[in-house]
Amino acid sequence: MLTYLSASKIYPVTSAAIDQGVLAIDPVGVIAAIYTAAQAEALKIKPDAVYQGSLIPGLINTHCHLELSHLKGRIEPHTGLLNFVSEVMKTRDTDEAQILEAMFAADEEMYENGIVAVGDISNVVASKAVKLKSQIHYHTFIEAMGFNPRNAKEIFQKALELKQEFLPLLASIVPHAPYSVSDPLMALITGLHTSSDNLLSIHNQETAAENEFFQSKTGGFLNLYDFLGLNLSFYEAPGVSSLQATLPKLPATKVLLVHNTQTTTADLEFAEKQHKELYWCLCPNANQYIENKLPDVQLFQEAGLKITLGTDSLASNHQLNILKEMQTLQEHKQVGFETLLGWATINGASFLGINAQYGSFEVGKSPGILLLEKLDQEIITDKSKIRRLY
Ligand SMILES: [Zn+2]
């Protein structure tokens with residue numbers, strides 16, 4: 001028994017948008033057929049529902065930190081990444097039950113907002129209970145960090161143990177950021193990344209100070225290491241940008257670079273030569289929250305990069321809502337709706353390796369079906385709303 005859904009517009013993502021088309025869905029949400037208005041009429045298909053609005057596939061959030069959900073509203077906006085990092089460290093000691101409750105609410109919020117899959121950074125095992133119960137597909141990125149080369153083995157061992165603790169959930173061990181992972185730790189992590197189902201994600205160029213540290217061992221990061229009590233005498237600046245220093249250390253398998261607010265043309269040229277499997281995750285609302293700056297999106301578009309979207313955590317965002325990330329990029333960077341939709345769906349699904357099921361309306365997939373209402377002339381506004389149909 002099939003259900004036939006029609007709407008003002010259907011966006012399959014991997015093929016052209018259809019006016020007044022019809023989706024045929026089986027009882028578990030698998031797409032059985034996609035018809036144009038003319039085809040549906042010729043076949044005398046009478047839709048079970050006709051919606052005012054657009055049907056779009058489920059959205060993919062490639063960067064979140066579920067375990068920081070209890071920090072919603074606790075960190076002052078626009079104070080910069082270095083301040084943000086130390087604030088997060090100071091506020092980690094919240095009551096366990098409260099942390100769990102905030103994560104369940106955040107998972108529910110993402111589900112309601114049409115998010116079907118999440119790449120989630122975890123430093124502890126706390127989010128496991130939520131992920132096991134969730135209707136959302138999670139790929140956990142177990143994040144290792146430690147800039148002191150002496151601690152590399154111990155940190156890596158802990159990450160391996162944490163990966164075991166997350167079983168049977170899908171998880172990969174990943175480096176936190178160029179400035180927080182020593183060379184020996186990076187080598188241990190990347191040694192695990194030998195197949196493309198083992199995904200690598202890393203925060204990249206989120207603040208100007210990060211490039212400064214790699215270029216000349218100066219700037220705000222020196223204060224952070226001082227605060228952490230780390231003597232940096234072992235470290236010599238490579239004299240290039242953070243990305244150019246880091247990319248040669250990463251494996252040839254799929255890599256997600258997250259934030260990229262300080263990434264330049266020279267970085268993109270370098271990256272193109274250096275690595276063939278890069279995905280670039282933009283978290284515009286978190287960038288505005290923390291640094292009050294957005295990446296040079298036009299540059300990325302001109303370079304034809306594979307772009308995905310992320311919400312980051314509730315510590316640096318007012319909501320976990322990919323539609324709101326799209327709205328920010330449409331308003332501030334004039335990116336077209338269909339382009340944004342591709343970033344929010346098929347590109348994320350392709351990075352997470354789940355594009356056989358998610359990311360587009362294609363026969364045989366069950367990507368989640370969303371009704372997007374109040375999208376006027378493809379402009380997302382505060383009134384635009386997502387309703388989950390499947
Ligand atoms: Zn992050």
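We use all heavy atoms of the structure for the numbers below, so side chains are in, but hydrogens, waters and symmetry mates are not. Atoms within a ligand are numbered from 1 in the order they appear, just like the ligands themselves.
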Student: Considering only heavy atoms from C-beta outward, does the side chain of I60 approach that of V116 to under 4.5 Å?
Tutor: yes
Student: Please assess F213 against Y235 for the test ring pair (Phe, Tyr, Trp, His ring centres under 6.0 Å), listing each intermediate value before the final yes or no.
Tutor: CA-CA 10 Å; F213 181 67; Y235 176 73; 4.7 Å; yes
Student: Does the shortest distance from the Zn ion (ligand 1) to an N/O/S atom of H63 fall below 2.8 Å?
Tutor: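 A backbone or side-chain N, O or S atom of H63 is under 2.8 Å from the Zn ion (ligand 1).
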Student: Short check: any N/O/S atom of C64 below 2.8 Å from the Zn ion (ligand 1)?
Tutor: no
Student: For N/O/S atoms only: which one belongs to D312 and is nearest the Zn ion (ligand 1)?
Tutor: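 Checking each N, O and S atom of D312, the shortest distance to the Zn ion (ligand 1) belongs to OD1.
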Student: Counting backbone and side-chain atoms alike, is an N, O or S atom of H203 positioned under 2.8 Å from the Zn ion (ligand 1)?
Tutor: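 It does; at least one qualifying atom falls short of 2.8 Å.
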Student: With side chain to side chain donor-acceptor pair (under 3.5 Å) as the rule and sequence neighbours excluded, what pairs involving residues 18-35 come up?
Tutor: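 Side chain to side chain donor-acceptor pair (under 3.5 Å) check on residues 18-35 returns no pairs.
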Student: Out of L250, L247, L256, L305, which residue meets the side-chain contact (heavy atoms from CB on, under 4.5 Å) rule with L278?
Tutor: L247
